[in-house]
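Working notes, structure below.
If you're wondering where the values come from, they're calculated on a predicted model, not measured in any experiment. FYI, side chains are in, hydrogens and waters are out, and symmetry mates aren't considered; it's all heavy atoms of this structure. In the text below, chain A, chain B and the rest are named by the order of the sequence lines, each starting its count at 1.
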Protein chains: 2
Amino acid sequence: MSVSERKVQERAAREELILGHARGFLLRRGFQDWNMEQLAGAVNYAKGTLYLHFESKEDLCLAVATRALRERADLFERASRFTGRTRERIRAIGFACCEFACSHPDYFKVELMLKSASFWEKATETRRQAHQMEGARCFRLVHEIVKEGMRAGDLPHDRMTSESVTFALVAVTVGSHIMSLEPAMKLVAGIDDPIRTVRQNQDLMCDGLGWRPLLADWDYSATDARLRREIFPTATWCEPVTTAG
Amino acid sequence: MSVSERKVQERAAREELILGHARGFLLRRGFQDWNMEQLAGAVNYAKGTLYLHFESKEDLCLAVATRALRERADLFERASRFTGRTRERIRAIGFACCEFACSHPDYFKVELMLKSASFWEKATETRRQAHQMEGARCFRLVHEIVKEGMRAGDLPHDRMTSESVTFALVAVTVGSHIMSLEPAMKLVAGIDDPIRTVRQNQDLMCDGLGWRPLLADWDYSATDARLRREIFPTATWCEPVTTAG
DNA sequence: CCCCGATATTGACCATTGGTCAATATCGGA
DNA sequence: TCCGATATTGACCAATGGTCAATATCGGGG
């Protein structure tokens, strides 16, 4: 290995180190409750060194978020390989989303952070594009199954475009996750198991879209069981009481 | 009027002035892109004076948000007076929500800001409680109609609690609003009219919940027309093409 | 093994800004 | 008009994201 090759590798390793620690900080303490000095200390480098890798604190955090988003897209991709009725397949994506939420607790707070403030504009164009790309990947994987549902005749295609259907599924999922974070909401709505609530709302939306077989006409707990066996054997979370009738 | 009474009134007027300008700043420039010095300049007082009214920048912004939330709750209350089938009545709340969104464009960004960061803990306990109270008011007004729907037999009550149903409605609405803010999402999902999308997703969720009469079995455009006439005659937004069949 | 130019790393320093408080201005009653 | 009380101010402080001249490290050639 040449010297320059080794340097490139070392640089990449250091970036990895920084990203790993930053992720820990972000998840545990949000965006405000730590500073670049502390992060530098945690990875045993000077503050200036961090800025050799990232243009700003926001840029660094966007990089962390993008890596997590890529993991999610990867899970979506695995879920896409599930076979069966199209509604079973979209359910696999919903499962992947919850698998992600469980293995990255509080990650939705990071996602929220990206939406507020002037985050976006303080990050590098390259990183912005990388994030959008992973986001688009997630959207596309859902969209493909929606289109297939329409082709298969499981999902009505006369009232809504496939894009609108996809948007509805994304919206209900994101909304459920976000509202689940709210302690007051959890209390007042009696949410004991956020994940179960998210999946339930996804089911309701699918029913509302008329995506057959409807919840009442199919044993989706069996689908979940097969899903675990075939695609996510290492799923880290316990299936809650199923919403299937 | 006594001297002390006048002073109280003047103080209240100044607080109003500050809140008004802060709201303009918040909506137009987010949280970061202005500072307390600038706000002080805008209202022709010194920075220190702002801190006689608010404990921190976050406290001030929470106050702004709470006033807006109260306006929303007020709209919900008006909507609650609409008569008809329970699903028509919940539709009135959805209408109110969109009415609010239209007359306060970009307010959802402010709402998002509250969810992220360490906002909450930098605000006064009093203001936190005020905000929660208005939030609870919104929730309760929806919840009342949900319970009535169950009592009336329009909405199944064997599978889900009334609280879970309310949560689902809130989640789909918040999720739709938030995702509508995302320019990239709007583009990729082909969202041309965010408000229409929000209402459509609310309709889908209601259908999924089995809230009768279903979208296909009722002329909800007539409901909307009556709603405008009876409750929101001054509605500032144009009804999009209805989603009713 | 040493030397030197190139490269990598550092942390003192800067600018911004949320927040404080001693100094100052204003007020209102005697 | 004067004085004590109250209201207002803006210079100042501390924290922190970001910069860059100074320093340390590296590695190849003699």
So, [X] and [Y], do they make that salt bridge, N to O below 4.0 Å?
X        : Y        : value
B:Glu182 : B:Lys109 : no
A:Asp192 : A:Lys186 : no
A:Lys7   : A:Glu10  : no
B:Glu111 : B:Arg72  : yes

What is the separation between atom [atom1] on [X] and atom [atom2] on [N], rounded to the nearest whole Å?
X        : N      : atom1 : atom2 : value
B:Glu37  : C:dA15 : CD    : C1'   : 14 Å
B:Lys122 : C:dG18 : NZ    : C1'   : 9 Å
A:Met36  : C:dT16 : CE    : P     : 19 Å
A:Tyr45  : C:dA8  : OH    : P     : 13 Å
A:Glu58  : D:dT16 : CD    : C1'   : 12 Å
B:Arg11  : C:dT26 : CZ    : P     : 20 Å
A:Asn44  : C:dA8  : CG    : P     : 20 Å
B:Phe119 : C:dG18 : CZ    : P     : 11 Å

(message) Side chain of A:Asn35 only, heavy atoms from C-beta on: which candidate in D:dT16, C:dG28, C:dT10 is closest?
(response)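 When the side chain of A:Asn35 is considered, D:dT16 is the closest of D:dT16, C:dG28, C:dT10.
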(request) Could you work out which one of D:dT8, D:dG18, C:dG19 sits closest to the side chain of A:Lys47? (result)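 Nearest listed nucleotide: D:dG18.
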(message) Pairing check on C:dA23: which nucleotide meets the Watson-Crick or G-U wobble criteria with it, both distances under 3.5 Å?
(response)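 Matched C:dA23 with D:dT8 under the 3.5 Å cut-off.
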(request) Pick base, sugar-phosphate or nothing for B:Lys57, based on heavy-atom distances below 4.0 Å to the nucleic acid. (result)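 The answer is sugar-phosphate, as B:Lys57 gets under 4.0 Å only of primed atoms, P, OP1 or OP2.
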Does [X] place a side-chain N or O at less than 4.0 Å from the phosphate oxygens OP1/OP2 of [N]?
X       : N     : answer
B:Thr49 : D:dT8 : no
B:Arg14 : D:dA7 : no
B:Arg6  : D:dA7 : no

(message) Under a 3.5 Å threshold, yes or no: a donor from one side chain and an acceptor from the other, between B:Thr173 and B:Ser176?
(response)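 Side-chain D/A pair, B:Thr173 to B:Ser176: absent.
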